[in-house]
Amino acid sequence: MKRRSLVLTSDFARHPFRASLPPHVFRQIEPDPVRLNRTESWALTRGDVSTFGATYLACFAMVLVFFM
């Protein structure tokens, strides 16, 4: 028989830090019924496209300057 100390730890959390966390941290979160429609959440906006373009041009300029 294995001797265990009297501490409030979780046996299924194999790491000491995870074992020291309270049980409510591992609770499963219910999905929000409003966010189930994924077509609306994946829509691109004008701000997304302009941010991507600015980032692409900045990285391109950085690589161009690096190789010169």
Side-chain angles (χ1 to χ4, degrees):
M1 189 172 198
K2 189 175 184 181
R3 182 182 169 136
R4 297 184 186 265
S5 60
L6 294 174
V7 249
L8 296 174
T9 61
S10 177
D11 285 337
F12 71 89
R14 307 233 177 210
H15 192 271
F17 175 74
R18 285 182 55 121
S20 67
L21 292 174
H24 76 274
V25 173
F26 296 109
R27 185 186 68 210
Q28 294 292 329
I29 298 174
E30 298 291 328
D32 191 10
V34 176
R35 300 290 281 167
L36 289 179
N37 188 3
R38 295 199 183 266
T39 57
E40 294 175 5
S41 63
W42 285 97
L44 286 176
T45 62
R46 180 177 287 221
D48 295 334
V49 175
S50 67
T51 303
F52 173 77
T55 305
Y56 182 81
L57 289 176
C59 290
F60 180 75
M62 180 184 64
V63 169
L64 188 66
V65 168
F66 179 73
F67 283 121
M68 288 185 146

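Just so you know, these numbers use all the heavy atoms, side chains as well, and skip hydrogens, waters and symmetry mates.
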- Remaining members of hydrophobic cluster (4.5 Å side-chain criterion), V49: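 Traced through the cluster, V49 reaches no other member.
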I'd like a table of donor-acceptor pairs (distance under 3.5 Å, sequence neighbours excluded) in which one partner is a side-chain atom from residues 51-68, with atom names and distances.
residue: T51; atom: OG1; partner: G47; partner atom: O; Å: 2.7
residue: T55; atom: OG1; partner: T51; partner atom: O; Å: 2.8

- Message: Taking side chain to side chain donor-acceptor pair (under 3.5 Å) as the definition, give me every residue that meets it alongside T45, ordered by chain and number, with sequence neighbours left out.
- Response: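 Side chain to side chain donor-acceptor pair (under 3.5 Å) check on T45 returns D48.
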